[in-house]
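The structure under discussion appears below in the form of structure tokens.
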Amino acid sequence: MVKHGNPNGWKIALFLAPVLILFGAFFLYPLVFTAWTSLMKWRGIGSMSFAWFQNYAKLLSDDTFRLSIRNNVIWALALGFIQVPLAAVVAMILAREPRGWRLLRTLYYLPNVISTVALAMVWVAMYSPQYGAVNGILKAFGVPARNWLGDPSTALAAIIGESVLYIGYFMIIVLAGVMNIPVELYEAARIDGANVLQEERFITVPMLRGTLVTSVTLAMAYGMRHFEASFLMTGGGPAYATSTMGIALFLKMDALRYGEASAAGMILILLGTLVMVLVRRALGRGSEGGTA
């Protein structure tokens, strides 16, 4: 029997074409071009010359760039294992609909719709050694004021500290997952005498495993590509203490060292992908049964 092709094949191709064109133009082509230029010595204008892997060797032998990689890993760990758990705890509390929970839900999410630049400027003022609110509160408890963003030993922690407080995005994701858990499970647990903590431990957390793994993966992916807050608040200083791979890439481009900038971009992509794969493998076992 002769098998004919799918008569609707051209229709399928027609519907896929816009997506494939956008994917090729805005992802595949830039990725291939970045990989190609990472092997070149190029100032962004003029001709290119092959440098092969010299750009990578130069970056990986640079103490400043290695510090940037370390800082990105710290960002990924902080967002994945501090911000997401905080968001999950708040979401579980709000899911029980305490008084004013709708207002609290809105307030927690509000920073996510405010400009990153505006938030950064607010925190620069709050960390000010002269008039900042943070030092003002600490002085009330007898703690001497310090230049949080100007001290290499505290600058990175100060920026991460303000960022992990913005839990609204992951709170909404987890809250949606909690709302999808059948109420009958909690009712059966209460009949068996379970208290609130037991309900959360034995019902909510296991049922949310897939959602939590996804949230941690997304948070750590953002941490590996972090740029905005550090650049706006410290510019990567002091003494490169808050520099990230994104900031290093920007500075290379600003100095017209596009070959090294492309190499930095490829290292960022490869390390970010590696972190996501490792997180999914380490945390994703057994998550198929949870909500995602």
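For reference, positions follow the sequence shown, starting with 1.
Following chains of ILVMFWY side-chain contacts shorter than 4.5 Å, one can reach Leu59 starting from Ile69, so the two form part of one hydrophobic cluster. At a threshold of 4.5 Å between side-chain heavy atoms, the hydrophobic network of Ile, Leu, Val, Met, Phe, Trp and Tyr places Leu251 and Met253 in two separate groups. If you chain together hydrophobic residues whose side chains sit under 4.5 Å apart, Ile12 and Leu20 fall into the same group. Hydrophobic cluster membership is shared by Val134 and Met121, with clusters built from Ile, Leu, Val, Met, Phe, Trp and Tyr side chains linked at under 4.5 angstrom. The hydrophobic clustering, which links ILVMFWY residues whose side-chain heavy atoms are closer than 4.5 Å, places Ile191 and Leu185 apart.
Looking only at side-chain heavy atoms (C-beta outward), Arg105 and Leu175 come within less than 4.5 Å of each other. Here the side chains of Val205 and Arg209 are not in contact, with every heavy-atom distance at 4.5 Å or above. For the pair Asp62/Lys58, no side-chain contact is recorded, criterion being any heavy-atom separation below 4.5 Å from C-beta on. Contact of the Met276 side chain with the Met220 side chain is not registered, since no non-hydrogen atoms from C-beta on lie closer than 4.5 Å. For the pair Val124 and Leu232, the minimum side-chain heavy-atom distance is 4.5 Å or more. Residues Leu86 and Val90 form no side-chain contact, since every pair of their non-hydrogen atoms from C-beta on lies 4.5 Å or further apart. The shortest distance between side-chain heavy atoms of Val84 and Leu79 does not fall below 4.5 Å. By the 4.5 Å heavy-atom criterion applied to side chains, Leu274 and Leu278 are counted as neighbours.
Taken to the nearest 0.5 Å, the CD1 atom of Ile173 stands 6.0 Å off from the CG atom of Leu218. To the nearest 0.5 Å, atom CD of residue Glu187 and atom CD of residue Glu184 are 5.5 Å apart. The OH atom of Tyr186 sits 3.5 Å away from atom CD1 of Ile181, with the distance rounded to the nearest 0.5 Å. In this structure, the separation between OH on Tyr29 and OG1 on Thr34 is 9.0 Å, given to the nearest 0.5 Å. Atom OG of Ser230 is separated from atom CD1 of Ile247 by 5.0 Å, given to the nearest 0.5 angstrom. For the atom pair CD (Gln198) and CD1 (Ile203), the distance works out to 10.0 Å, reported to the nearest 0.5 Å.
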Determine whether Ile82 and Leu77 satisfy the following criterion, side chain to side chain contact (heavy atoms under 4.5 Å, CB included), listing intermediate values before the conclusion. CA-CA 8 Å; Ile82 297 178; Leu77 293 173; over 6 Å; no
Walk me through it: do Asn147 and Tyr127 pass the test side chain to side chain contact (heavy atoms under 4.5 Å, CB included)? CA-CA 7 Å; Asn147 188 357; Tyr127 280 132; over 6 Å; no
Hey, mind stepping through Ser243 and Ser68 against side-chain hydrogen bond (donor to acceptor under 3.5 Å, both in side chains) and telling me if it holds? CA-CA 5 Å; Ser243 180; Ser68 298; 2.8 Å; yes
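For the pair Arg66 (side chain) and Leu60 (backbone), a donor-acceptor distance under 3.5 Å is present. The backbone N or O of Pro238 lies less than 3.5 Å from no partner atom in the side chain of Thr242, so there is not a single donor-acceptor pair. Remark: side-chain polar atoms of Asn71 are paired, donor with acceptor, to backbone N or O of Ala241 under 3.5 angstrom. Within the 3.5 Å criterion, the main-chain N or O of Gly80 finds no donor-acceptor partner in the side chain of Gln83. A distance-only check finds a donor-acceptor pair linking the side chain of Asn72 to the backbone of Met245 [under 3.5 Å].
In Phe23, the CZ atom is crowded: over 12 heavy atoms of neighbouring residues, nucleotides or ligands sit closer than 6.0 Å. Heavy-atom contacts from other residues, nucleotides or ligands closer than 6.0 Å to CH2 of Trp101 number more than 12.
Between Phe81 and Pro85, the shortest heavy-atom contact is O-CG, 3.4 Å. Contact between Leu283 and Val216 at its shortest, heavy atoms only, is CD1-CG1, 3.8 Å. Looking at every heavy atom in both residues, Pro111 comes nearest to Leu119 through O-CD1, 3.5 Å.
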Without placing hydrogens or testing angles, list every side-chain donor-acceptor pair under 3.5 Å for residues 159-172, not counting sequence neighbours.
{"unit_1": "Ser163", "atom_1": "OG", "unit_2": "Ile159", "atom_2": "O", "d": "3.1"}
{"unit_1": "Tyr166", "atom_1": "OH", "unit_2": "Trp123", "atom_2": "NE1", "d": "2.5"}

Sequence neighbours excluded and cut-off under 3.5 Å, please list the side-chain donor-acceptor pairs for residues 38-54, or say none.
{"unit_1": "Ser38", "atom_1": "OG", "unit_2": "Ala35", "atom_2": "O", "d": "2.6"}
{"unit_1": "Ser38", "atom_1": "OG", "unit_2": "Tyr56", "atom_2": "OH", "d": "2.7"}
{"unit_1": "Trp42", "atom_1": "NE1", "unit_2": "Gly46", "atom_2": "O", "d": "3.3"}

Counting only pairs under 3.5 Å, give me each side-chain donor-acceptor contact of residues 262-272, with atom names and distances, residues two or more places apart or in other chains.
{"unit_1": "Ser262", "atom_1": "OG", "unit_2": "Thr37", "atom_2": "OG1", "d": "2.7"}
{"unit_1": "Ser262", "atom_1": "OG", "unit_2": "Tyr258", "atom_2": "O", "d": "3.0"}

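Within the structure, the ring pair (Phe, Tyr, Trp, His ring centres under 6.0 Å) test picks out the following pairs touching residues 226-250 (sequence neighbours left out): Trp75-His226, Tyr222-His226, Phe227-Phe231, Phe231-Phe250. Within the structure, the salt bridge (Lys or Arg N to Asp or Glu O under 4.0 Å) test picks out the following pairs touching residues 81-96 (sequence neighbours left out): Arg96-Glu199, Arg96-Glu200. Pairs of residues two or more places apart, or lying in two chains, never qualify as salt bridge (Lys or Arg N to Asp or Glu O under 4.0 Å) while including a residue from residues 11-37.
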